[in-house]
Amino acid sequence: MEVTTVFGNGFQSVFCFSTIRPIKNSQPSTAAFATPPPQTVSTSTSSNGGINKHGEVRSKPTNVSRKVSRNPSVSHKTRESAIQDIQNSSELASALLRSGEVLKAQDLNVVLRHFGKLNRRKDICQLFDWMREHGKTNIASYSSYIKFIGRDSNSMKALEIYNSIKDESTRNNVSVCNSTLYCLIKSGKFESSLKLFNQMKQAGLIPDIVTYSTFSSLFKFVKEGLRRNAETFLWNLILFPEQLLLVGCVKAKGGYFKAMELVREIKSRGLPMDMVVYGTLISVCASNNQCEEAEKYFNEMKSEGHSPNVFHYSSLLNAYAVDGNYKKADELIEEMRSAGVVLNKVILTTLLKVYVKGGLFEKSRELLDELQALGYAEDEMPYCLLMDGLAKSGKLTEAKSIFDEMRQKDVKNDGYSYSIMISALCRGRLIEEAKQLACEFEIKYDKYDVVILNSMLCAYCRSGEMENVMKTMKKMDESAISPDWNTFHILIKYFCKERLYLLAYRTIEDMHRKGHHPEENLATTLVNHLGKTGAHAEAFSVYNMLRYSKRTINKALHEKIVHILVAGGLLKDAYVVVKDQAKSISQSVIKKFATSFMRKGNINLVNDVIKSIHSSGYEIDQDIFHMAICRYIEQSEKKELLLHLLQWMPGQDYSVDSSTRNLILTNSHLFEDHSITELLSKHYTVSKTNKSHERRTR
DNA sequence: GTAGGGTTAG
């Protein structure tokens with residue numbers, strides 16, 4: 001078949017999915033935690049050994065600071081204008097020369113923050129260097145500066161600055177520490193931040209609520225898919241221990257539960273919760289469908305005297321969208337109105353989401369009109385919400401008309417609306433239309449992500465456009481977009497439909513390697529197909545994927561795989577399954593397996609197999625014993641195994657029948673006479689007892 | 001006089 005050759009040739013290059021998007025570096029950097037380097041820039045703060053409660057230099061001033069302290073009468077106005085001069089100057093160095101001297105550390109911090117706001121990186125660095133050289137830094141300068149440096153993910157530089165701080169009280173200051181930790185976390189260096197955090201604690205840092213909320217930004221990383229790193233880290237963090245216990249529990253729980261642990265930890269330390277932490281919590285609850293919890297934190301926050309801001313409101317509104325609770329949403333909107341909070345674009349869009357989820361399509365349409373009138377419908381978002389809701393409640397025609405309206409109005413398109421429509425059309429079995437739309441997207445846009453590619457793949461697979469399937473996969477590989485669980489599923493289903501079972505197998509193997517677990521039904525279908533087409537070992541491999549990724553699987557599959565393995569002569573593998581899953585396998589299948597094993601299985605395992613199926617409750621028939629004994633006699637070097645079997649049988653109320661006994665007696669030259677006669681007499685006793693027992697029960 | 005987060009779409 002032509003199709004097979006296309007894949008046969010293209011498989012390696014097209015299907016390798018070799019390009020995994022790199023995960024942000026989480027390796028601890030050894031250099032990062034080395035002893036602080038010797039200070040190269042001279043600062044007055046440390047060498048003079050004193051900082052007052054404002055973090056300013058006290059006692060024994062340097063030449064520079066002497067000038068300032070000698071000149072305390074520098075008026076507020078003079079300093080103001082000096083600040084302005086530096087901020088507005090295009091030549092920072094000369095401005096500092098001109099106006100810097102009259103300024104104190106806190107004045108220069110104003111400038112530093114000003115540059116920070118404008119992202120004037122070069123000026124920030126230059127100013128800070130100047131401040132250090134002139135001994136005009138305090139705690140605030142360090143915490144701001146470190147934050148700005150780390151903002152560009154330059155965590156190494158931030159750490160360098162931190163390590164260069166000689167003064168102990170500055171280095172142990174909680175804001176300085178929080179700033180530094182923030183930089184590491186922002187650049188994904190979770191492990192390093194934990195290490196540093198422990199070091200800081202040992203040196204005397206007492207973590208505060210900001211420290212906790214700094215670390216809680218990891219919830220975002222969890223959401224964005226840096227799952228494993230962030231989750232492991234979060235768990236370690238929540239336990240907040242010196243020793244990292246219970247790391248193994250990481251996988252068992254989701255981000256939401258970790259957030260709850262974090263709350264418990266904060267509360268048990270007696271730290272007051274603040275607006276920021278509440279904001280994080282409400283948002284985490286909302287995005288984990290924990291509507292009541294979100295509401296609980298929202299009310300708790302209010303009862304503690306905090307007034308919610310627009311973000312708190314929108315998070316809670318989003319929680320109401322989960323089950324389309326428009327009543328509560330409307331109430332909340334009223335509350336916002338009376339609290340004077342502006343109903344912005346996001347709030348109204350989220351309200352639309354609530355209405356859509358609640359099935360209020362007329363009201364949704366009205367709200368969309370309102371959004372349009374307010375100029376809040378210039379991007380896809382509100383249209384997508386409505387389209388998706390309509391499509392998912394079977395109103396495909398209405399969804400299509402929203403899509404058309406959107407295109408007519410020249411709304412900014414990022415591909416979301418296409419993937420909604422393509423998926424909706426696929427679900428509605430309008431495959432040809434789905435394909436058309438996928439093609440249209442390809443012609444018009446050159447922007448892909450895994451979801452749009454999945455929906456295109458889905459359309460092409462459903463319409464059997466092999467060439468387009470190939471092209472899309474290639475695109476995925478070239479754009480370094482990692483296939484996700486959906487991608488694998490779409491492809492495996494498609495390959496099964498096209499009877500390309502080995503290709504489906506390679507795909508599921510790849511899926512497994514990447515840590516995705518296939519759905520049981522799909523894997524079972526594949527096991528069956530592989531079994532039927534003679535790919536017995538591959539079928540077994542898929543069976544094992546299921547077996548080791550799920551706690552329970554359909555019992556029928558165990559039996560099925562035994563059939564397949566017996567048919568393929570993979571008797572040792574079949575034995576493993578029978579031994580582990582005996583309870584799920586019927587007597588007739590055990591018999592079939594045992595018969596095959598007696599005939600063709602590894603002779604050294606024959607006794608093991610007999611004992612094993614016996615102990616699983618299967619009563620072994622005479623012909624099984626007969627076959628086993630025949631094989632032993634044929635291979636006389638295995639006579640020890642035969643003796644062992646004959647010794648074992650009477651103990652379990654088994655005896656050989658007359659034909660088997662005759663067979664043994666004919667070959668008695670193989671044994672020392674007395675041992676075999678003795679054994680057979682034991683068998684005779686057993687068979688007599690059994691027969692009389694049978695008579696009595698009859 | 002310094003540090004932390006957060007809302008909507010496939």
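All values derive from a computational prediction rather than experimental measurement. First the proteins, then the strands, lettered A, B, ... as listed; each starts at 1. All values below come from the heavy atoms of this structure, side chains included, with hydrogens, waters and symmetry mates left out.
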Which nucleotide sits closest to the side chain of [X]: [options]?
X	options	result
A:Thr349	B:dA3, B:dT8, B:dG4	B:dT8
A:His312	B:dA9, B:dG6, B:dT7	B:dG6
A:Leu385	B:dA9, B:dA3, B:dG5	B:dA9
A:Asp388	B:dG10, B:dA3, B:dG5	B:dG10
A:Asp274	B:dG10, B:dA3, B:dG4	B:dG4
A:Asn318	B:dG1, B:dG10, B:dT7	B:dT7
A:Asn309	B:dT7, B:dG10, B:dG5	B:dG5
A:Ser175	B:dG10, B:dA3, B:dG4	B:dA3
A:Ile209	B:dG4, B:dT8, B:dA3	B:dG4
A:Val277	B:dG6, B:dG4, B:dT7	B:dG4

Check: [N] base within 3.5 Å donor-acceptor of [X] side chain:
X	N	answer
A:Ser419	B:dG10	yes
A:Ser213	B:dG4	yes
A:Asn454	B:dG10	no

Between [X] and [Y], does any side-chain donor sit less than 3.5 Å from a side-chain acceptor?
X	Y	answer
A:Thr170	A:Asn173	no
A:Arg407	A:Asn413	no
A:Thr487	A:Asp484	yes
A:Lys189	A:Ser155	yes

Using whole Å, report how far [atom1] of [X] lies from [atom2] of [N].
X	N	atom1	atom2	value
A:Lys345	B:dG6	NZ	P	20 Å
A:Ile266	B:dG5	CD1	P	14 Å
A:Tyr313	B:dG5	OH	C1'	18 Å
A:Lys136	B:dG1	NZ	C1'	18 Å
A:Lys186	B:dG4	NZ	C1'	8 Å
A:Ile185	B:dA3	CD1	P	16 Å
A:Met273	B:dG6	CE	C1'	14 Å
A:Leu343	B:dT8	CG	C1'	14 Å

Item to check | A:Tyr416 ring over B:dA9 six-membered base ring, under 5.5 Å and 30° | outcome: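 Yes; centroid distance and tilt both under limits.
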
Next on the checklist: Is A:Lys353 close enough to B:dT8 that one of its side-chain N or O atoms is under 4.0 Å from OP1 or OP2 there?
Outcome noted: no

Next on the checklist: Under 4.0 Å from OP1 or OP2 of B:dG1: is there any side-chain N or O of A:Asn138 that close?
Outcome noted: yes

Report which part of the nucleic acid [X] touches: base, sugar-phosphate, or nothing (heavy-atom distance under 4.0 Å, all strands).
X	result
A:Ile452	base
A:Ser144	sugar-phosphate
A:Asp449	base
A:Met387	nothing

Taking the six-membered ring for Trp and the full ring for Phe, Tyr or His, determine whether the centres of [X] and [Y] are under 6.0 Å apart.
X	Y	value
A:Phe148	A:Phe128	no
A:Tyr278	A:Phe298	no
A:Phe403	A:Tyr418	yes

